[in-house]
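Hydrogens, waters and symmetry mates are skipped; everything else that's a heavy atom, side chains included, is used.
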Amino acid sequence: MAETKLYGYKLTPSLSSLPSLTTLRRHVAPFPSLVSFNTPKPPRLRVLSMAIKRSPKRLKYSAPRFTKEDGLLYVEADELGSDTWKLEPVIELLKQGAVGVIPTDTVYAIVCDLKSNSAIERLRRIKNIEPSKPLSILCHSLRDIDTYTTGFPRGDGQGHADIFRAVKHCLPGPYTFILTASKELPKQCVRFGTTTAKYASRKNVGIRMPDDAICQAILEKMDAPLISTSVRSPKENEWMIDPVVIADIYGLEGLDFVVNGGIRVADPSTVVDMTGSSPKIIRQGKGPKLHWMVAEDDDESAFHVEDLIHSAT
């Protein structure tokens, strides 16, 4: 029977003739590359290692505390939502009080967590929005709308239309609906301090449910809606639709992140005031006029929604 020699030892099929493992380790120690006695790693660990090499940025921003040491976080994401894993650091930053820019189904929006008072104040400073001006909110579902507003008008069997049923057919979509805010909505989001008696008790808010894969992927992972205001040029007061330009200009103002979902068209949402006797279109935008909406024909409601129109995406 053939024999194999390993540094003076005869290796035969007989297990009894093999030297001890300790003896072998002592003799081959000077040549670690020749024989390995390390236990191989389970395949599952190797797969995890591949995942880390594939997407190191997912771990880079997973620190328990939010810091600005890494500067502006810039994420390029597929507008169809095929790579939503890239949004994980953005979601974590939002939950930690960050302020950043994300795409919607109309124009880009500066957003922050509705539950973070400090983030709301930072958003106002970055966009230079006065405390008396209201802000809009981006919602993931109709349940969010019912929580933070008094909801849409519902039929009462006395000739009043069931607007809620009609609204469900156009959401998500390119509409901003102005509703009465509930007590759950932070006071920083609604208009306050007005001296006009007619509107002194009104606290309205613009709500949106964007039909955008990136925006919805972020909203789905948040614990509450996002505070939102449209991205406009600080000087020209025009819509900013290029995320690269947005990062260059607003990054200097203190933005924490920008999500690039492609260049958008300067076509904002259609704003519909739901606080009156009938839904009135205050601003015609991307969303088409539906049969249950009426066009604005006077200036009566223009006063208390003027600022909401300015902030609506």
Side-chain angles (χ1 to χ4, degrees), residues 65-66 73 87-152 171-173 175-193 202-212 214-231 250 253-259 269 271 274-275 305 307-313:
R65 291 186 177 183
F66 166 67
L73 171 64
L87 303 174
E88 291 180 10
V90 171
I91 296 169
E92 289 303 314
L93 287 178
L94 281 169
K95 291 180 178 180
Q96 295 165 15
V99 178
V101 170
I102 66 173
T104 70
D105 55 352
T106 53
V107 294
Y108 277 87
I110 302 178
V111 300
C112 69
D113 189 356
L114 178 143
K115 294 184 177 181
S116 175
N117 294 335
S118 60
I120 296 175
E121 295 306 316
R122 286 186 58 219
L123 183 148
R124 287 188 179 275
R125 289 198 301 268
I126 291 174
K127 184 72 182 297
N128 195 23
I129 302 176
E130 298 177 6
S132 62
K133 306 295 184 182
L135 297 168
S136 300
I137 62 174
L138 302 180
C139 298
H140 174 62
S141 64
L142 293 171
R143 179 179 298 179
D144 289 337
I145 297 176
D146 288 338
T147 299
Y148 295 97
T149 73
T150 57
F152 293 97
L171 290 179
Y175 293 92
T176 296
F177 292 106
I178 299 175
L179 297 169
T180 302
S182 70
K183 295 181 179 179
E184 298 296 324
L185 192 68
K187 65 179 182 180
Q188 292 97 326
C189 307
V190 296
R191 181 178 185 141
F192 59 94
R202 282 192 172 183
K203 293 184 177 180
N204 301 327
V205 63
I207 62 97
R208 287 218 56 206
M209 278 183 61
D211 187 15
D212 180 87
I214 296 175
C215 185
Q216 284 295 328
I218 295 174
L219 290 171
E220 184 180 6
K221 296 296 181 65
M222 296 298 296
D223 300 324
L226 294 175
I227 299 298
S228 167
T229 182
S230 57
V231 183
Y250 277 98
E253 301 297 327
L255 274 187
D256 301 312
F257 65 86
V258 171
V259 178
S269 63
V271 180
M274 309 291 288
T275 62
V305 298
D307 297 319
L308 283 170
I309 292 176
H310 185 81
S311 67
T313 50

Check whether any side-chain heavy atom of [X] lies under 4.5 Å from a side-chain heavy atom of [Y], and answer yes or no.
| X | Y | answer |
| --- | --- | --- |
| L87 | I102 | no |
| I110 | Y250 | yes |
| P186 | L114 | yes |
| F177 | L171 | yes |
| E253 | N128 | no |
| I218 | V111 | no |
| Y108 | V259 | no |

Between [X] (side chain) and [Y] (backbone), is there a donor-acceptor pair under 3.5 Å?
| X | Y | value |
| --- | --- | --- |
| K127 | S230 | yes |
| R208 | Y175 | yes |
| Q216 | P210 | yes |
| D212 | C215 | yes |
| R122 | N117 | no |

**Asked** Can you tell me how far CG of L93 sits from NZ of K95, rounded to the nearest 0.5 angstrom?
**Response**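 K95 atom NZ to L93 atom CG measures 11.5 Å (nearest 0.5 Å).
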**Message:** How long is the straight-line distance from OG of S116 back to CD of E121, given to the nearest 0.5 Å?
**Reply:**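 That separation rounds to 9.5 Å.
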Nearest heavy-atom pair of [X] and [Y]: which atoms, and what distance?
| X | Y | answer |
| --- | --- | --- |
| C112 | L94 | CA-CD2, 4.0 Å |
| T176 | S269 | OG1-OG, 2.7 Å |
| V205 | S136 | CG2-CA, 4.5 Å |
| M209 | H140 | CE-O, 3.6 Å |
| I207 | L179 | CG1-CD1, 3.9 Å |
| T104 | L138 | CG2-CD1, 4.4 Å |

**Request:** Go through the steps for L255 and V99 under the test side-chain contact (heavy atoms from CB on, under 4.5 Å), then give the verdict.
**Result:** CA-CA 6 Å; L255 274 187; V99 178; 4.2 Å; yes
**Message:** Test side-chain contact (heavy atoms from CB on, under 4.5 Å) on L219 and D144; report intermediate values, then the result.
**Reply:** CA-CA 11 Å; L219 290 171; D144 289 337; over 6 Å; no
**Asked** Should I145 and I137 be marked as a side-chain contact (heavy atoms from CB on, under 4.5 Å) after you check the CA-CA gap, both sets of side-chain angles, and the distance that decides it?
**Response** CA-CA 9 Å; I145 297 176; I137 62 174; over 6 Å; no
**Request:** Kindly check if the number of other-residue, nucleotide or ligand heavy atoms within 6.0 Å of NZ (K221) is above 12?
**Result:**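 Incorrect, the count does not exceed 12.
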**Request:** Would you sort out whether L185 and T149 count as a side-chain contact (heavy atoms from CB on, under 4.5 Å), showing the intermediate values?
**Result:** CA-CA 8 Å; L185 192 68; T149 73; over 6 Å; no
